[in-house]
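Everything numeric here is computed off the predicted structure, so don't read it as measured data.
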Protein chains: 2
Amino acid sequence: MSDLQRSGCPINLTLEVVGDKWSLLIIRDMMFGNRRHYRELLGGSEEGISSNILADRLKTLLAAGIISRDDDPSHKQKGIYSLTEQGIELLPILAQMAGWGYKYLPVSEELGIRARLLMEGGPKMWAEFMDELREIHLGIKRRKKAGPSVGERLQAAYQRVLAEQAETRRS
Amino acid sequence: MSDLQRSGCPINLTLEVVGDKWSLLIIRDMMFGNRRHYRELLGGSEEGISSNILADRLKTLLAAGIISRDDDPSHKQKGIYSLTEQGIELLPILAQMAGWGYKYLPVSEELGIRARLLMEGGPKMWAEFMDELREIHLGIKRRKKAGPSVGERLQAAYQRVLAEQAETRRS
DNA sequence: CTAACTGCTTTCATTTTGCAATCAGTTTGA
DNA sequence: TCAAACTGATTGCAAAATGAAAGCAGTTAG
């Protein structure tokens, strides 16, 4: 991670911060998988990031102000990583990327269902989800809405597909 | 550019195609700078891509179906690169990245003005710009709107800032 | 008191990047 | 006509980034 910038273009600057193969996947896992500890991020992702790369990216993201780190009171060595407001606002980028990938790339059914829902939900759903993330990561209380949260709905849809697949395989 | 995928996650798959430091900058130059030839892309960008990297990325983007290549009738060796529909639909990702970068990173004034306009214009402006790109790159005629196009407005705003800066420097 | 778990760091091989030089064909201009 | 400039690349090589596996020191649970 070099620190000299190539240009003052906003797209270029954004790419210099999160334009590698892993940073946005870490953010994704924090957002959609609610992973907050090093070990969760290490083992939880589909892709299997190496420990050295994860450590390096967490450091970079921390320095960039996209995530923050607090000690976990339950364990002296454990740290809890949280998204900052800046990190939470990466959601629309992730959502657009998910939508594009869903449309044009060979996405697996179970991992694509969230992308489809986010696409169908549009910016309004993203904003709601961001509010939920603010509550989880920043402790900012939000007005409770009726029914399940966006996070819950995404998770439920994912589980539903998994169940359907198990069903199909059995028959 | 390895070809074995890490997971069927739409975000991951998208990152595997355009998740490097250069691909999206090339797309950006084709979209906003209307650069269509190898030499234009090589020399035109703020960032100064190397010729071998550019050649490699063009090959990758071609293989991924994000751009296409045609011979230029005016010069037997010249090729014209165009965005495909798939490539044009990367615009919302770029727009979101530009918006995020504009908000949180030290963007230069002259290069940030387009980002600001795209943010203010929102998805509606993006859709209009994508229609203009379809006309330019795919030859799909669009219903002519009154007034200057989005591309022209962005370009004009950029020039206006440059002129203002020259003015300020003189006084 | 030991085994498992914590967040990393180290090591080293492989891959990617980036710069400069080069190349062969094409066109332009004297 | 013939050299210079321009076309889209490719090559060689050094430097940097990446990635897998092993290791490490402190912490906690049994």
(request) Please report, rounded to the nearest Å, how far the P atom of D:dA9 is from the CG atom of B:Asp71. (result) 10 Å
(message) If you only use heavy atoms from C-beta on, which nucleotide in D:dG8, C:dG7, C:dT9 is closest to the side chain of A:Ser51?
(response) C:dT9
(message) On the nucleotide C:dG7, are OP1 or OP2 found under 4.0 Å from the side-chain N or O atoms that A:Lys59 carries?
(response) no
(message) Tell me whether the NZ or CZ atom of B:Arg36 lies within the 45° cone about the ring axis of B:Tyr81 and under 6.0 Å from its centre.
(response) no
(request) Please state how far atom CD1 in B:Ile53 lies from atom C1' in D:dA14, giving the value in whole angstrom units. (result) 14 Å
(message) Strictly below 4.0 Å: does A:Arg57 bring a side-chain N or O up to OP1 or OP2 of D:dT18?
(response) yes
(request) Please determine, for the side chain of A:His37, which listed nucleotide (C:dG7, D:dT10, D:dG8) has the closest atom? (result) C:dG7
(message) Please tell me if B:Lys21 has a side-chain N or O lying less than 4.0 Å from either OP1 or OP2 of D:dA16.
(response) no
(message) Tell me the interatomic distance from B:Arg36, atom CZ, to D:dG8, atom C1', rounded to whole angstroms.
(response) 17 Å
(message) Quick check: do A:Phe32 and A:Leu118 have side-chain heavy atoms less than 4.5 Å from each other?
(response) yes
(message) Tell me every residue that passes salt bridge (charged side-chain N to carboxylate O under 4.0 Å, His left out) with B:Arg28, counting only those two or more places apart in sequence or in another chain.
(response) B:Glu47
(request) Give the rounded distance in Å between these two atoms: CD1 of B:Ile80 and P of D:dG8. (result) 10 Å
(message) Without decimals, in angstroms, what is the distance between A:Leu58 CG and C:dG7 P?
(response) 10 Å
(message) Measure CG/A:Asp56 against P/C:dG7 and give the value in whole Å, please.
(response) 17 Å
(message) Quick test of your reading: applying salt bridge (charged side-chain N to carboxylate O under 4.0 Å, His left out), list the pairs with at least one residue in residues 144-166 of chain B, sequence neighbours left out, ordered by first then second residue.
(response) B:Glu128-B:Arg153
(message) Check this one for me: any side-chain N or O of B:Tyr38 less than 4.0 Å away from OP1 or OP2 of D:dT10?
(response) no
(message) Assuming nearest nucleotide by heavy-atom distance, tell me which of A:Trp22 and B:Leu42 is located more 5' along DNA chain D.
(response) B:Leu42
(request) In whole angstrom, give the distance that lies between atom CG of B:Leu25 and atom P of C:dG18. (result) 11 Å
(request) Select one nucleotide: of C:dG7, D:dA9, D:dT11, the one nearest the side-chain heavy atoms of B:Ala55. (result) D:dA9
(request) Determine, for A:Glu89 against B:Lys103, whether the closest basic-nitrogen to carboxylate-oxygen distance falls under 4.0 angstrom. (result) yes
(request) Please work out if A:Asn52 contacts a base, only the sugar-phosphate, or nothing of the nucleic acid, heavy-atom cut-off 4.0 Å. (result) base
(request) Decide yes or no for B:Thr60 and B:Ile66: does some side-chain heavy atom of the first lie under 4.5 Å from some side-chain heavy atom of the second? (result) no
(message) Check the phosphate of D:dA20 against A:Ser50, side-chain N and O only, distance under 4.0 Å to OP1 or OP2. Yes or no?
(response) yes
(request) Would you check if B:Leu25 and B:Ile49 make a side-chain contact, meaning some heavy-atom pair closer than 4.5 Å? (result) no
(message) Are the side chains of B:Cys9 and A:Arg114 in contact, using a 4.5 Å heavy-atom criterion?
(response) no
Give me, pair by pair, the N or O atoms of the protein and of nucleotides 28-30 of chain D that are less than 3.5 Å apart, along with how far apart they are.
| unit_1 | atom_1 | unit_2 | atom_2 | d |
| --- | --- | --- | --- | --- |
| D:dT28 | OP1 | A:Lys76 | N | 3.1 |

(message) What is the distance, to the nearest angstrom, from the CD1 atom on B:Ile67 to the C1' atom on D:dG8?
(response) 13 Å
